[in-house]
Structure formats: C-alpha cells, structure tokens
Amino acid sequence: MILAAENLTHIYQRGTVFEKKALDGITMSVPKGAFAGVIGHTGSGKSTLIQHFNALLEPTSGKVWLDGEDLFAADKKKRKRLREKVGLVFQYPEHQLFETTVQKDIAFGPQNMGLSSDEVSRRVAEALEWVGLPKEAAQLSPFELSGGQKRRAAIAGVLAMKPEVLILDEPTAGLDPRGKNEILGQIKKMHESAGNTVILVSHGMDDVARLADIIFVMNNGRIEFSGSPAEVFREADKLAKIGLAVPQVYLLLRELIKRGADLPQNIFTAEAAAQAIKKLYEH
Amino acid sequence: MNIKLTIGQFYPGDSVIHALDARVKLAGTFFFIVSLFYADNFYGYLAAFILLSAVIVLSGVPPRLLLRGIRSILFIIVFAAVFNIFFNPGETVLLEWQFIRISYEGAITAARMVIRLALLITASSVMTLTTSPIQLTDALEYLLKPLKKIKVPTHEIAMMMTIALRFIPTLLEETDKIIKAQTARGADFVTGSIMKRAKNLIPLLVPLFVSAFRRADELAVAMDARCYRGDTGRTKMKVMKLRGRDAAAIIILAAYSVLLWLTKMA
Ligand SMILES: Nc1ncnc2c1ncn2[C@@H]1O[C@H](COP(=O)(O)OP(=O)(O)OP(=O)(O)O)[C@@H](O)[C@H]1O
Ligand SMILES: [Mg+2]
C-alpha cells in the first residue's frame, strides 16, 4: 500500500454556523503502482480527500499513511520530504501559472526540490513532450497560451517533479474531447512506463472505467463502495441512486447480454466492445 | 493553512433584530454610540447596558461571538485603562507606593473608558452580526444620499463596497487554492528571511492579481451587457420599507435618550 486513509474525517469551518462535514470516516487504501479512480458527484468530498494525501489539509480526525509513514505524525521536515513524493494537479491548475515563460513555470517545482539545473532542464523538456506542447511554447509567456495549452503547461509543472504518486483532480474538466483523450492517454502511458501510482478524480465515468484498475465511489463524504471497474459497475442501480452514471459501453453490453448475446461484461472502452461484437459475428 | 471564510461576520437568523430595517439599525447604532459619550454617570451606563442586553437577547446571537469582538480590541481597552489609572494627575490619591500613584479621578476615567469601549464594540458587533453586508451597504447608500447634493458619488461608493464584499470571499478562496497549489509544487511561504519570504510570494501574488483583473474585466462586461449605467433611473429589487417594528425601535431609542438626559439632570 503506498497510500492509505484510516477513519479520515474533515470538518470545514468547525465551530461556526457554516460548519460542514466534508469527509466522514473514510477508510481506503491504494496499492503501489495502481491506477486508481475516484468518482462522486459534485460536493461529495473528492477534492477535500485528495488534499489530505499531500498534507495540504489536516484531518479533523483520522490518519493518512504514505509509504508506510503516518503523514500527520511526521515533523515539518519529514512532512516536506514526504510531500515531494506526491504530485497534486488541482482542479483548474492553469490558475496557478505565474512565471514569465512556460519553461520557467514548469521548472518551479523541480527547482524547489533542489535538483541540478541540468536535471531541471531535462525534466522540463520531458514534461513538455508528455503533455504534448510544442518546443516553441517553452519560451512563450504562459498567459499567451490558449486555455487548453495553459492546462497542459500547468500539468507539466507537476509531472516534471516525477512524483511517486500522481494525483489529478479533474484534469480534463472543460477541455474538448480530443484534448481530453490526449492528456489522459499521456498520463496512462506515463503510468505504464514509469510504474508510478496515479489517482484520477473525475466526473467522467467513461474515462475512469477505461483507465483505472481500482475505483472508489464517493458519496456525501463517505466511500460508498470500491473495487475493480467490473465490480463497481455491477452496482449500476446503486450508482444511479447517488447520481452517477454507468459508462455507456457497459450499459450497451449489459443490454446485449440480457438479450442472449455471448459477450463478456467487463469491457469499458468502445474499441474493445467493437472488437468483441465483431468476434461474435465471425464465429 | 485554511483561511477562514467568514467575512463581515453576518450570523444568519430570523429574530426581530435581524428583521429590522437596516437603515434603522445603522442609524440607531450610530446614535447609541454617540450616546455612550454623552452619558457620564453610572445610571446612564446602566441604561445603555440594559438596552444593549435586551437587543442581544432578542437577536439570538450567541454571546461567544460578541466576546470575540471584544477580544480583538482587548489590547486597546487594557492599554487605555492602564494609561488612565497610572498617569492621570488626579487630586484625590487612592494609593501611593514608590513611583506608582493611583488617583480617584484616574480610576473613574479608566472605568468610564473601558465601559464605553466595551459597549461600543459590542453594539457595532450586534449590528454587523444581524445585518447582511448587502443590506448594510444599501442602508449606507440611503443614509449618505444627502451628500449627493455636494457631488459625492454615493451610489458608486455603495456599489464599490457591494462588489468588494461580494468578491472578498472569492479572492480568499482563490488565495487559499493558489497557496495550496504552489505548496504542492514545493513553494515555501512560511520560512526564510524577510527578503526571501517576500520573493517567495511572487508565485502567489502573480496568479492572484491575474485572476482579480480577469474577474474585474468579466464583471465589467457582464454589467455593461445588462445596461448598467450608474444610478440614474435605477430601482431597487428589495425596496426598503419602514414597518411597525422599525417605528417601535425608534420610539424605544427616543425613550432611552430621554432617560439618559434625566440621569444627567439628576
Ligand atoms: N474551504 C471550504 N470551506 C467550507 N466548506 C468547504 C470548503 N471546501 C469545500 N467545502 C465543502 O465541502 C464539501 C466537499 O467539497 P469538495 O470540494 O471536496 O467536493 P468535490 O467532490 O471535489 O466536488 P466537485 O466535483 O464539485 O469538485 C462541499 O459541500 C463543499 O461545499
Ligand atoms: Mg473538487
């Protein structure tokens, strides 16, 4: 287990009329090298949860374990070191750009880690490529970029730190379908080659189903249930009850199976489904 | 790390005090504060204290919140008291020991000071706790209206205050978010020398200003698109109207001032 939460509770603005229990006794664990998905409707506590994984929010009660160490028992120095292991891409990360050039902005994180300047520029170049920004973009001001490009630059700023655990909070919200697939595809590719742990927070059930190997479903500050995509989507009715949709492909296959087609149910991408259906006809 | 988002300090509720017309509350509080400086004897302060206590009880605001207001100026109160007790060159000496000399007049002035400040802060706290910031600016705009005759842009001032109040929580939220995002990238806002810390603020301030300007721009366009052109011919969505309870409040205040006058006569 690289990351685990134990009975994690978070209450915002405690002791005021605006008190709000955003997390309510969360217990979960993410295996090392996993691609985990966190889904839940608006306000279910996803963003609050992941901010604990980076010690940006302190739990009201409960614990977070990072790589076997109690994150909130660690002293400041150690916590800073532990924090470097976790890269967090916030919702709308483009709002954090500040440098005069894209290159400098991406270099901010690696520099803070105390890396040599050679290593920093190598990582910047690498990160630019990962997110699919052209080399020329490096010298532009981040404020000259388009919205989608800004997003990519901001994500690159975190990727350049090569975190052991990469957490992305709705990285594709507001992007066009192509940009969305490109960015998610790159993240998946990187995950496969580097073997890092990824936690993807998303509304988009289709993306999570396609990419993740373990899914946590959040509702009202709790983990409603969790498991492999196949296990989670079997509970289609429960999901619907808490306002979440099951992937389109899954529903299609379920309908076909119900009508007697000999198809496997654990398929979550349109391509794989097409393949399976094609095979059915070839027999 | 988490910034408190309670601005102004409005405590929502449905008491009589909450329902009072904001203009009456604002003017009434101002009147009450002036009266605190008019009163000069024990019975006068007692009258003020009873009136204020009654308002507090009616408002249903937890006393804890009011104490918080007093705590924030505790230093000033203590300072004023100490200064008056020890440095007032009064005639009637109560206590004299080495260089310390406390006079009767000094003690009285100090007590008066403490009572006045405490009542003043509590009164203004009750008002801001029971009146939403928007109502408050509306009331202010109304009460400042006479100044328009001498070309003071009262509507614009009130509009600016409304917008500022509207955006303070947004900007605080944004600040909180950017601090977190940069911290996640290894930025350090809390340690180091002053120079270093100032420099470390750049990753926070640049995005914050960028977003503030962007929001201002968007808001200007949105207001333009809805034909905002200052207050000429502008009507209010919520027209402020005096009701029975407002009249009652005014009568109570009048009775209070007569009482105050009597205590001074006696
Ligand atoms: N700083 C804060 N102060 C008070 N309440 C907050 C704060 N941040 C979030 N909340 C509340 O906590 C709850 C969970 O919020 P959170 O941002 O974690 O939800 P989310 O699942 O990320 O939603 P979304 O999908 O919209 O991003 C919400 O009800 C929200 O109103
Ligand atoms: Mg969120």
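A, B, ... follow the sequence lines: proteins, then strands. Residue 1 opens every chain.
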Contact part of A/Q96 toward chain B, heavy-atom cut-off under 4.5 Å: side chain, backbone, both or neither?
-> both
Is it the side chain or the backbone of A/F143 that comes within 4.5 Å of chain B heavy atoms, both, or neither?
-> side chain
Which residue pairs satisfy the salt bridge (charged side-chain N to carboxylate O under 4.0 Å, His left out) criterion with at least one member in residues 134-144 of chain B, sequence neighbours excluded?
->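 Counting only pairs at least two positions apart or across chains, the salt bridge (charged side-chain N to carboxylate O under 4.0 Å, His left out) contacts touching residues 134-144 of chain B are B/D138-B/K236, B/E141-B/K236.
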Please, which pairs that meet salt bridge (charged side-chain N to carboxylate O under 4.0 Å, His left out) have at least one residue in residues 98-110 of chain A, sequence neighbours excluded?
-> A/D105-B/R185
Using a 4.5 Å cut-off on heavy atoms from C-beta on, say whether the side chain of A/H95 contacts that of B/R214.
->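 A side-chain contact exists here, since the closest heavy-atom pair is under 4.5 Å.
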Do B/V55 and B/I17 have side-chain heavy atoms sitting under 4.5 Å apart?
-> yes
For a side chain to side chain donor-acceptor pair (under 3.5 Å) with A/E69, tell me which candidate from A/K85, A/K78, A/R79 qualifies.
-> A/K78
Checking heavy-atom separations under 4.5 Å from chain B, one finds in residues 107-126 of chain A A/F108, A/G109, A/N112
Given a strict heavy-atom distance threshold of 4.5 Å, which part of B/L204 is in contact with chain A: side chain, backbone, both, or neither?
->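 Nothing of B/L204, per the 4.5 Å heavy-atom cut-off to chain A.
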Measuring heavy-atom distances to chain A, does B/F209 have an atom under 4.5 Å in its side chain, in its backbone, in both, or in neither?
->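 B/F209 has no heavy atom closer than 4.5 Å to chain A.
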Contact leader toward chain B among A/Q51, A/K80, A/E58, A/K76, where contacts are heavy-atom pairs under 4.5 Å | A/Q51
Do you know which of A/L88, A/L97, A/N54 has the most heavy-atom pairs with chain B at a distance under 4.5 angstrom?
->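 Option with the top pair count is A/L97.
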Heavy-atom closest contact (B/L51 atom, B/I252 atom, distance) = CD1-CG2, 3.8 Å
Out of curiosity, B/T131 OG1 to B/L26 CG, how far, rounded to the nearest 0.5 Å?
-> 8.0 Å
Steps toward side chain to side chain contact (heavy atoms under 4.5 Å, CB included) verdict (A/D67, A/M1) = CA-CA 7 Å; A/D67 217 357; A/M1 292 302 137; over 6 Å; no
Output the option from B/S211, B/G186, B/P203, B/A184 having the highest count of non-hydrogen pairs under 4.5 Å with chain A.
->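 Maximum pair count with chain A is reached by B/P203.
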Pairs of donor and acceptor atoms involving the side chains of residues 162-174 of chain A, under 3.5 Å and at least two apart or interchain, shall be tabulated with distances.
residue	atom	partner	partner atom	Å
A/D169	OD2	A/S47	OG	2.7
A/E170	OE1	A/H203	ND1	3.1
A/E170	OE2	A/H203	ND1	3.3

